[in-house]
Amino acid sequence: MTKKEKQQVAEICRILNETYGTDYKCYLNHENAWQLLIATMLSAQCTDARVNIVTKDLFVKYPTLQAFADADIKELEKDIYSTGFYKNKAKNIIGCAKKLISEYGGEVPSDIESLTKLDGVGRKTANVIRGNIYHEPSIVVDTHVKRISRLLGLTDSDDPVKIEHELMEKLPKEQWILYNIQIITLGRTICIARRPKCAECALNHVCPSANVTE
DNA sequence: CTCCCGATAT
DNA sequence: ATATCAGGAG
């Protein structure tokens, strides 16, 4: 990383912390680790607002991991229908709950290898659990982080794993988990995929992709 | 690479 | 009508 790149990264972090604060906030409502795991599974290609609507009733109807393990798949499909991909998600949730009970004593593991062995749990979901539940510094590369990190010039890769490692090299460790939530907040309100509001963006003077002339 | 898939904004 | 939403598996 050149000196100029270091300055740009430092400026990005400074602005993000100033604009969006340094308090970590999880947008997926949950009361424990397995609830966050299921909420994150449901969040694939679905807004977090929709997930929270669904999980509000879901976690009352299925109050324990065992309840999910014992769930009727057709009924669970109906319960999560509005989040999309409901057949895969229902199957994965039941399989995941069973595996957590049989192999992990009903606890959610904290290492990437174990997490990604669970049905329907990939690297992104695993990193959400590590960051939120176990407070391990980790970069969650979701659709917003990928898109905006590319716009900022922090990476030119399409591969989430490469992006994760590039960001880990460039961002200070204490910023990793904050960066996730700050970028997601930015992506939902200002740097919207379909129509970025560059003129309103706090990062527009450090963003190579900013278009303020509109 | 394709498929899974409903809800929402534009 | 179409792009997009805290992705993952085959």
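Just so you know, these numbers use all the heavy atoms, side chains as well, and skip hydrogens, waters and symmetry mates. Lettering of chains follows the sequences in order, A, B, ..., and the numbering in each one begins at 1.
Contacts of A:Thr40 with the nucleic acid, taken as non-hydrogen atoms under 4.0 Å apart, are absent. In this structure, A:Gly84 reaches the bases: a heavy-atom distance under 4.0 Å links it to at least one base atom across the strands shown. Within the nucleic acid shown, A:Val145 has no heavy atom closer than 4.0 Å to any nucleic acid atom. Counting non-hydrogen atoms under 4.0 angstrom, A:Lys89 reaches nothing in the nucleic acid. Residue contacts for A:Ile181: at a heavy-atom cut-off of 4.0 Å it reaches a base atom on one of the strands shown. Within the nucleic acid shown, A:Arg50 comes within 4.0 Å of sugar-phosphate atoms alone, with no base atom in reach, counting heavy atoms only. At the heavy-atom level, A:Leu42 lies nowhere under 4.0 Å from the strands shown.
Rounded to the nearest 0.5 Å, atoms CZ (A:Arg130) and CG (A:Leu115) are 8.0 Å apart. Note that CG of A:Asp48 is 10.0 Å distant from CG of A:Asp142, once rounded to the nearest 0.5 Å. The CG atom of A:Leu58 sits 6.0 Å away from the CG atom of A:Asp79 when rounded to the nearest 0.5 Å.
Listed candidates were C:dC5, C:dA6, B:dC4. Nearest to the side chain of A:Asn88 is B:dC4. For A:Thr125, whose side chain is taken as the heavy atoms from C-beta onward, the closest listed nucleotide among C:dA6, C:dG7, B:dA7 is C:dG7. Here the nucleotide nearest the side chain of A:Arg194, chosen from C:dA6, B:dG6, C:dT2, is C:dT2. The side chain of A:Ser82 lies closest to B:dG6 when the candidates are C:dC5, C:dA6, B:dG6.
For A:Tyr81, a side-chain nitrogen or oxygen approaches OP1 or OP2 of B:dG6 to under 4.0 Å.
For the P atom pair drawn from C:dA6 and B:dT2, the interatomic distance equals 24 Å after rounding to whole Å.
A:Leu178 is not connected to A:Tyr27 by any chain of hydrophobic side-chain contacts under 4.5 Å among Ile, Leu, Val, Met, Phe, Trp and Tyr, and they are in different clusters.
In this structure, the aromatic ring of A:Phe85 is positioned over the six-membered ring of the base of B:dC4, centres within 5.5 Å and planes within 30°.
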